[in-house]
Amino acid sequence: MGWFKRLKDGIQTATRNKMEAPEGLWYKCKRCKETTTMKELRDNYFKCPSCNYHVRIGSRDYFHLIFDGQYKLMFDELRSVDALNFVDLKPYPERLEAAVKKTGLTDAISVAVGKVARKPLVIAAMDFSFIGGSMGSVVGERIAKAIDYCIEKRIPLMIISKSGGARMMESAYSLMQMAKTSAKLTQLAKAGIPYFSFLTDPTTGGVSASFAMLGDINFAEPEALIGFAGPRVIKETIKKDLPEGFQRSEFVLEHGFLDFIIDRKDLKERVGDLLAMFQSTTKKEKAQSS
Amino acid sequence: MIFLDFEEPLEKLFEQLDKLKEVEEEGIVDVSETIKELEAKINSTRKEIYGNLTGWQRVLLSRHPERPYTLYYINQMCSKFIELHGDRTFSDDKAIVGGIGTMGGQTVVFVGHQKGVNTKMRQYRNFGMANPEGYRKALRLMKLAERFDLPVVTLIDTMGAFPGIEAEERGQAEAIARNMFEMAQLRVPIICVIIGEGASGGAIGIGLGDKVFMLENTWYSVISPESCSSILWRSWDQKELAAEALKLTAPDMLKMGLIDEIINEPLGGAHTAPEEMAKILKRHLKKTITALSAIPKDELIDRRINKYASMGVYEEQQEAVEEKNSKKGTKK
């Protein structure tokens, strides 16, 4: 028998407002097994108050954490379709429907424009809860549209990656999103608009091997899994145990592929600082181009 | 000759043919008529088998141990070829080769995955699975091509980028991403050809180009059918199903508009007539280089980026937009 009793039964939050964090009043840390209240966890930026473990959160949580207040969702009208009639254990349309129902989201990435420290920013944030944050045509197209928007309005772009990789149910279409997003980012770079790539747990496969690694600044949350191949695949291939801390943010920083690691509580301030420091370059370009 | 399982009827016919040829050599009985008949039968059986290949059978063909690899094609197509080594940063990857060659009077920079031709060489080539330095060597050579205004041809044949500890330490993901980023803006024509296996990031890491071709019996997909089966079906046994579901054959890819053209192989597959295959490939490459070279550089890059930007299938739902747009963040 537990020490604590649930006061209210069932899930109280409307699906629309649902956070990716665990439901209920109490949260038990996956790492240190300490129990804390959901309120405490929320007030602590969804980090465990005792061991600072960064709980996986969703796009809306990041929007709330980073934007000054209001933000506007964009390109939410785009929907995945089953172009290949893909059926594995379940048909793809059923998987999509289930994911929409479960998450209240429309796909694995959401794009929003808002302000951070009173400066405009477009954030495209991924949701792992939507089919593993997998990249299909809609993810690629939303990023492409976000890039076009950033170029037109001269607003910096931040992408928050959280994905297992490509969406297999869209087969080669999903593979081509790697090429598509990388190619589109060259247009943003040419326009002189900064792109901040924020890697969170996990960022692997086709997402890490395309836009996630192509930031003007690449930064990550602590201890996030970041890599090309998944640890299980590597273990099976080399038939050896993997070293401690392998493919974690700290490891990736040590090997030179990240600019820095940031605690979630300092995230908003750091993004604001970056925007301020890169602002002059964005403005200068604007003056020249107009 | 090595026969695949589905080629069993052919194998029997070839056995008969060999026997008949022995008899002919003895010169006692005239069997030339029978040989002719048998050869015709082989031809029609081949047409029948190869006219109805399943996705999985194409995968098997693309991995045929006698199939020609990158260096074979380059040496056949070029009057001169100098292999260039190393990424100038870490080492020389053996799974991706490259260099500069003269093909029909035109200097071309080649880059491609290289598989080994025997057990020892397969290991030496790491089974065509490149490490980051392979992708970085490829990029160095493409930059060389750009500096001297030379067209780039990439030949793709890989089961995937190598999933190893060192590969991760040296940034496999970054190497592949960087290549696509740079290839999108490379100011020379890029032609990519899938000559065998085109698996995922390992393939597209040298696969972004103005024209992408697939040889007839190859595959190109986001994942190998084996891995797809193990992830989605949670078993290795559904690879044939996975191969169908992934729509990974050249005709499928053309239908989806993700490649530009299929290059036909000699009947029976590239491995049955490698020299002829190289000739066919060379003809296609020369024609395409000429056409692409005539396009002004800025337009070439615009077209290239627009081509990739248009890839993907999705629909737009209008009514949901308003509901979502009215929902704004409220947290202070």
Side-chain angles (χ1 to χ4, degrees), chain A residues 16 63-64 67 69-73 76-81 83-84 86-89 106 114 137-138 140-141 144 166 168 170-180 182-187 205-206 208-214 227-229 233-234 237-238 242-243 246-247 255-257, chain B residues 161-165 167-174 176-178 180-181 184-185 200-201 203-205 207-208 220-223 227-228 231-234 238 241-242 245-248 252-253 256 258 304-305 308-309 311-318 320-321 324-325 327-332:
Chain A
R16 215 157 53 85
F63 293 157
H64 284 282
F67 283 127
Q70 294 217 323
Y71 60 87
K72 196 181 100 191
L73 278 180
D76 211 41
E77 69 279 11
L78 304 175
R79 294 291 188 285
S80 291
V81 291
L84 305 176
F86 197 97
V87 181
D88 48 273
L89 295 176
T106 55
S137 299
V138 168
E141 182 63 15
M168 271 175 277
E170 292 188 27
S171 192
Y173 283 117
S174 78
L175 177 64
M176 294 306 155
Q177 304 311 308
M178 292 171 67
K180 174 171 172 170
S182 306
K184 287 298 289 184
L185 280 173
T186 66
Q187 295 181 323
S208 71
S210 60
F211 57 85
M213 276 291 164
L214 292 173
F228 175 66
V233 176
I234 298 173
T237 308
I238 61 168
L242 303 174
F246 179 62
Q247 290 184 315
H255 285 92
F257 294 97
Chain B
F162 187 62
I165 292 182
E168 296 291 325
E169 286 174 344
R170 296 196 288 274
Q172 188 74 285
E174 194 273 347
I176 290 170
R178 183 69 48 202
M180 288 187 293
F181 187 87
Q185 292 282 345
S200 196
I204 207 162
L208 194 155
Y220 194 7
S221 185
V222 72
I223 190 166
S227 306
C228 180
I231 295 172
L232 291 184
W233 280 269
R234 300 192 184 90
Q238 306 297 331
L241 262 178
L246 285 169
K247 305 264 191 307
L248 43 62
D252 286 328
M253 289 293 285
M256 292 188 266
L258 301 179
R304 190 187 298 156
I305 293 177
Y308 283 95
M311 287 180 183
V313 186
Y314 49 85
E315 56 185 23
E316 296 187 29
Q317 265 184 18
Q318 279 315 322
V321 188
K324 286 280 171 184
N325 273 354
K327 200 191 98 196
K328 287 176 183 172
T330 49
K331 200 188 168 199
K332 288 227 172 77

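Chain letters run A, B, ... following the sequence lines, proteins first and then strands; every chain starts at 1. Predicted model only: the values in this text are computed from it and were never measured.
Taking all atoms of both residues into account, the shortest heavy-atom contact from A/Leu78 to A/Val138 is O-CG1, 3.8 Å. Smallest separation of non-hydrogen atoms from B/Ile223 and B/Ile231: CD1-CD1, 3.8 Å. The heavy-atom pair separating B/Gly207 from B/Tyr220 by the smallest distance is O-OH, 4.4 Å.
When each of B/Glu174, B/Met253, B/Gln172 is checked for heavy-atom pairs under 4.5 Å with chain A, B/Glu174 comes out on top. Heavy-atom pairs under 4.5 Å with chain A peak, among B/Gly171, B/Ala203, B/Pro163, at B/Pro163. Ranked by heavy-atom pairs shorter than 4.5 Å toward chain A, the options B/Met311, B/Arg234, B/Gln238, B/Gln185 are led by B/Gln185. For chain B, the option among A/Lys184, A/Glu141, A/Glu170 with the highest count of heavy-atom pairs below 4.5 Å is A/Glu141. Annotation: maximal heavy-atom pairing with chain B below 4.5 Å, among A/Gly256, A/Ser137, A/Ala166, occurs at A/Ser137. When each of A/Ala179, A/Ser210, A/Ala172, A/Ala212 is checked for heavy-atom pairs under 4.5 Å with chain B, A/Ala179 comes out on top. Of the listed residues (B/Ser227, B/Ala245, B/Ala184), the greatest number of heavy-atom pairs within a distance under 4.5 Å of chain A belongs to B/Ala245.
Although no hydrogens or angles enter the test, the distance criterion places a donor-acceptor pair under 3.5 Å between the side chain of A/Ser208 and the main chain of A/Gly227. Without hydrogens or angle criteria, A/Gln187 side chain to A/Ala183 main chain gives no donor-acceptor distance under 3.5 Å. At distances below 3.5 Å, at least one donor-acceptor pair connects side-chain atoms of B/Glu168 with backbone N or O atoms of A/Phe228. In terms of modelled atom types and a separation under 3.5 Å, the side chain of A/Ser174 and the main chain of A/Ser171 share a donor-acceptor contact.
From B/Met256, atom CE reaches atom NZ of B/Lys247 across 8.0 Å, with rounding to the nearest 0.5 Å. If you take CD on A/Glu77 and CD on B/Glu316, they are separated by 5.5 Å, rounding to the nearest 0.5 Å. Atoms OG and CZ, on A/Ser182 and A/Phe211 in that order, are 9.0 Å from each other to the nearest 0.5 Å.
With a 4.5 angstrom heavy-atom cutoff, A/Phe246 touches chain B only via side-chain atoms. When heavy atoms are compared at a cutoff of 4.5 Å, B/Ile204 approaches chain A solely by way of its side chain, counted from C-beta outward. For A/Ala144, no part lies under 4.5 angstrom from a heavy atom of chain B. Heavy atoms of B/Ala161 lying under 4.5 Å from chain A belong to its backbone as well as its side chain. Residue B/Arg304 does not touch chain A at all, counting heavy-atom pairs closer than 4.5 Å. In this structure, the portion of A/Thr237 lying under 4.5 Å from any heavy atom of chain B is its side chain and not its backbone. In this structure, the portion of A/Ile238 lying under 4.5 Å from any heavy atom of chain B is its side chain and not its backbone. For chain A, the nearby parts of B/Leu246 are the backbone and the side chain; heavy atoms of each come within less than 4.5 Å. Of the atoms belonging to B/Leu248, not a single heavy atom falls under 4.5 Å from chain A. Of the atoms belonging to B/Leu208, it is side-chain heavy atoms, and not backbone ones, that fall under 4.5 Å from chain A.
Below 30°, between 30° and 60°, or above 60°: for B/Trp233 and A/Phe86 the angle between ring planes is between 30° and 60°, a tilted geometry.
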